[in-house]
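Below is one structure, written out as structure tokens; the observations come after it.
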Number of protein chains: 2
Amino acid sequence: MKASIDDVAKRAGVSTATVSRAFSRPDMVSEKTRTRVMEAAEQLDFSVSRTAGILKSGRSYRVALLVGSGKIEWFTARIIEGLNEILREAGYDLVIYPIGDTDARKSFFSDLPVRGNVDAVVVSSFAISHPEIERLTTTRVPLIGLNITSDDFDASVRIDDRAGIKLIVRHLAALGHRNILYMYEQFTSTLGFSSFNRIYGFTDAVNEIEGLRGRTVAVSPGDSIVNVAMSELFASDDPPTAICFHQDSQAIPLLFKLRRYGVSVPDDVSITGYDNSTFAEDAGLTTVRQKPYDMAVEAARKTLALIEGRPIKVDHEIFPVQLIVRDSTSGPRPAGLSKIGVCD
Amino acid sequence: MKASIDDVAKRAGVSTATVSRAFSRPDMVSEKTRTRVMEAAEQLDFSVSRTAGILKSGRSYRVALLVGSGKIEWFTARIIEGLNEILREAGYDLVIYPIGDTDARKSFFSDLPVRGNVDAVVVSSFAISHPEIERLTTTRVPLIGLNITSDDFDASVRIDDRAGIKLIVRHLAALGHRNILYMYEQFTSTLGFSSFNRIYGFTDAVNEIEGLRGRTVAVSPGDSIVNVAMSELFASDDPPTAICFHQDSQAIPLLFKLRRYGVSVPDDVSITGYDNSTFAEDAGLTTVRQKPYDMAVEAARKTLALIEGRPIKVDHEIFPVQLIVRDSTSGPRPAGLSKIGVCD
DNA sequence: GTGAAAGCGCTAACAT
DNA sequence: ATGTTAGCGCTTTCAC
């Protein structure tokens with residue numbers, strides 16, 4: 001059926017070695033022969049099979065990407081784009097392994113389907129445990145972390161989440177806020193390591209500032225973040241004057257809805273996000289920018305270097321975060337939300 | 001270095017054939033032997049190499065996904081999720097090929113890197129030309145279309161875009177609108193086929209209704225859709241009372257901004273999207289729902305069937321669209337936008 | 001139930 | 001510049 005290198009060789013009247021060379025090292029074959037080979041190949045619809053070469057070279061030309069969920073949200077989409085961009089042109093395929101629920105996770109680390117089948121493993125932003133990393137190590141291939149810090153990785157690229165959230169907290173404090181809230185969705189077991197740092201970082205940053213109070217609130221996955229936020233705003237006589245969200249994608253729905261509920265942003269309450277993801281700019285959301293595409297490109301470069309045994313300048317790289325101030329933050333009302341609807 | 005099947009065989013005191021069987025057909029090996037083999041494998045950190053099996057079987061266990069852009073937006077993200085979900089558990093790797101700019105496109109179809117290297121090619125939602133499909137055919141593997149119609153595909157899954165946009169047009173007409181606008185971003189050469197149908201379908205649907213006027217406007221990629229929309233609204237004494245967007249993601253930014261410009265939705269103008277993508281519900285956007293994840297799952301099933309030579313019930317399947325009415329549409333003001341700011 | 005051995009489609013070392 | 005040939009790591013007949 002499918003033409004093999006032998007068929008081409010026969011048709012072109014040369015040996016298989018010549019055909020192979022015509023494709024992989026054109027300069028080692030005479031102009032004339034090469035043309036003849038290429039014509040024969042074209043007629044037979046022949047393309048070199050990577051599989052055979054792979055077997056020969058011992059390299060799989062495959063890179064695994066481990067992600068914490070089957071859902072490809074903003075961050076993961078950018079990561080895939082960045083990795084694929086660099087890896088593809090180097091001849092590597094990116095293969096995505098979602099390690100979502102507990103079962104998938106257990107079976108992945110027990111079967112370890114990547115062992116012997118990929119040249120590197122990139123782990124993106126989920127709380128991988130030490131035993132799991134240990135297990136991955138038995139694959140004997142480079143391990144690269146994306147928004148994960150661990151000495152067990154051969155290389156990593158991440159942002160400084162503590163610094164990022166600190167920018168937010170200080171920005172709000174400078175505006176005059178003294179009572180702020182941090183909201184995040186309750187995580188499953190696959191919570192990203194980076195995420196923990198944002199939450200802890202919030203508390204630390206708050207404690208650094210005299211007179212500033214900050215509280216963190218976890219919203220259960222089933223609950224509407226809007227309703228929880230509203231409850232927090234109206235629950236006490238001393239409501240927060242600003243709410244910081246763990247991700248833009250949690251803040252954006254609130255921005256859409258608050259208006260209808262009689263709360264104005266930023267007049268009644270300031271709102272911040274994190275990521276500078278899709279629609280953050282359109283929404284006028286004050287946020288912290290991170291650039292996962294750029295991080296993935298760098299991670300891919302490190303990955304290739306490690307695979308090919310080239311030295312890498314920086315093993316563990318920290319990408320900058322930047323505060324993006326927009327219209328969702330301003331100074332608090334003198335008396336907070338209790339003044340809503342009352343003309344000053 | 002890496003343990004091979006021979007090492008395991010030696011250690012377990014059996015032949016390589018037995019080791020192979022212990023992994024691929026456990027029932028063909030005695031309980032005792034199997035245990036011994038598995039222990040040896042565990043000690044040596046051995047996993048079966050797929051590459052070798054692949055070479056033997058002649059199947060690559062790889063499926064290519066051709067997409068029109070390196071950017072993974074809502075639709076493509078859902079497609080990847082759906083395909084990966086089904087293909088992975090069947091042992092297939094999904095490999096993404098973005099055929100973005102003209103150069104990438106030309107080189108892809110001339111080199112045809114998938115030939116001999118994948119078991120099937122899934123083409124998602126971009127305007128592939130006939131010669132390009134012809135060229136893909138030389139790979140001799142099944143071709144599956146996602147939101148593309150063509151008899152050249154062995155199977156396809158798509159929505160009825162004309163029916164979808166008709167739902168929108170009739171909904172607006174029923175509300176009393178008589179002058180509506182269709183806005184879309186000017187496409188590059190990789191415009192999805194499905195997209196054309198939405199645009200043509202709009203005009204057709206409008207013409208079906210007595211007294212309804214409809215115009216289509218292409219926004220250049222560089223232009224702000226918000227500014228173009230505003231210009232359309234204020235350009236004439238007889239402005240449209242509703243604007244239909246080609247995708248939710250084009251309508252959502254407008255919803256965020258219109259308020260500031262003194263235009264209220266839906267009182268001053270009705271807005272519709274298409275997709276029911278992220279934030280459409282939060283934004284209260286009237287739209288047409290399509291479920292790309294489900295479509296991808298079905299496409300993956302068809303793909304596997306075609307690869308394995310199993311019969312498929314329906315080659316070319318059309319998924320339903322559904323009108324989702326929300327708060328961004330209502331009856332038009334009696335005198336349209338010219339009445340803005342004037343109390344009735 | 002298990003072993004011996006051929007061969008999947010190439011690449012690369014060696015020979016000419 | 002080109003040909004010959006030995007494997008890469010498995011799977012799978014075919015014997016036993």
Side-chain angles (χ1 to χ4, degrees), chain A residues 1-38 40-41 44-62 91 113-119 139-141, chain B residues 1-38 40-41 44-62 91 113-119 139-141:
Chain A
M1 297 272 39
K2 252 210 75 232
S4 80
I5 202 170
D6 297 276
D7 303 324
V8 179
K10 217 160 292 171
R11 180 164 200 127
V14 297
S15 73
T16 63
T18 302
V19 177
S20 175
R21 280 190 283 254
F23 280 95
S24 50
R25 286 89 161 303
D27 46 300
M28 287 185 63
V29 175
S30 78
E31 179 71 37
K32 210 166 47 179
T33 314
R34 202 175 59 230
T35 317
R36 205 140 37 86
V37 169
M38 290 314 190
L44 295 169
D45 288 337
F46 169 83
S47 292
V48 177
S49 151
R50 285 178 66 209
T51 311
I54 283 170
L55 183 56
K56 189 78 185 148
S57 69
R59 212 174 263 177
S60 73
Y61 287 97
R62 235 177 273 147
V114 294
R115 188 162 59 185
N117 294 306
V118 300
D119 297 330
T139 59
R140 315 273 205 95
V141 297
Chain B
M1 300 266 42
K2 250 208 77 232
S4 79
I5 202 169
D6 297 276
D7 303 324
V8 178
K10 217 161 289 169
R11 181 164 199 128
V14 296
S15 72
T16 63
T18 302
V19 176
S20 175
R21 281 191 279 255
F23 279 95
S24 51
R25 286 87 159 303
D27 46 300
M28 288 186 62
V29 175
S30 77
E31 177 72 38
K32 209 165 50 181
T33 314
R34 203 176 59 231
T35 317
R36 203 138 39 84
V37 169
M38 290 315 191
L44 294 169
D45 287 340
F46 170 84
S47 293
V48 177
S49 151
R50 285 178 67 210
T51 311
I54 283 170
L55 183 56
K56 191 77 185 146
S57 69
R59 211 174 264 177
S60 72
Y61 287 97
R62 236 177 272 148
V114 295
R115 189 163 58 186
N117 293 306
V118 300
D119 298 330
T139 58
R140 314 272 205 95
V141 298

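Here is the naming used below: chain letters follow the sequence lines, and residue numbers restart at 1 for every chain.
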Sequence-distant partners of Ser49(A), side-chain hydrogen bond (donor to acceptor under 3.5 Å, both in side chains), two or more places apart: none

When every non-hydrogen atom of Phe46(B) is compared with those of Ala3(B), the smallest separation belongs to CD1-O, 3.4 Å

Tell me the closest heavy-atom pair linking Val37(B) and Ala22(B), and the distance in Å. CG1-CB, 3.8 Å

Could you note down all residue pairs passing salt bridge (Lys or Arg N to Asp or Glu O under 4.0 Å) where residues 45-56 of chain B supplies at least one of them, sequence neighbours left out? Arg115(A)-Asp45(B), Arg50(B)-Asp93(B)

Quick test of your reading: applying salt bridge (Lys or Arg N to Asp or Glu O under 4.0 Å), list the pairs with at least one residue in residues 24-34 of chain A, sequence neighbours left out, ordered by first then second residue. Glu31(A)-Arg34(A)

Going from [atom1] on [X] to [atom2] on [Y], what distance comes out if it is rounded to the nearest 0.5 angstrom?
X	Y	atom1	atom2	answer
Met28(A)	Ser20(A)	CE	OG	9.5 Å
Ile5(B)	Ser47(B)	CD1	OG	11.5 Å
Asn117(B)	Ile54(A)	CG	CD1	7.5 Å
Ser15(B)	Asp6(B)	OG	CG	10.0 Å

Between N or O atoms, less than 3.5 Å apart, protein on one side and nucleotides 9-13 of chain D on the other: list the pairs.
| residue | atom | partner | partner atom | Å |
| --- | --- | --- | --- | --- |
| dG9(D) | N2 | Ala52(B) | O | 3.3 |
| dC10(D) | OP2 | Ile5(B) | N | 2.8 |
| dT11(D) | OP2 | Ser20(B) | OG | 2.3 |
| dT11(D) | O5' | Ser20(B) | OG | 3.4 |

Estimated bend of the helix from dG1(C)-dC16(D) to dT16(C)-dA1(D) (axis per five terminal pairs, rounded to 10 degrees): 30°

Segment of DNA chain C, first to last nucleotide, that comes within the 4.0 Å heavy-atom reach of chain A: dG9(C) to dA13(C)

Verdict with supporting geometry, Thr33(A) and Thr18(A), side-chain contact (heavy atoms from CB on, under 4.5 Å): CA-CA 8 Å; Thr33(A) 314; Thr18(A) 302; 3.7 Å; yes

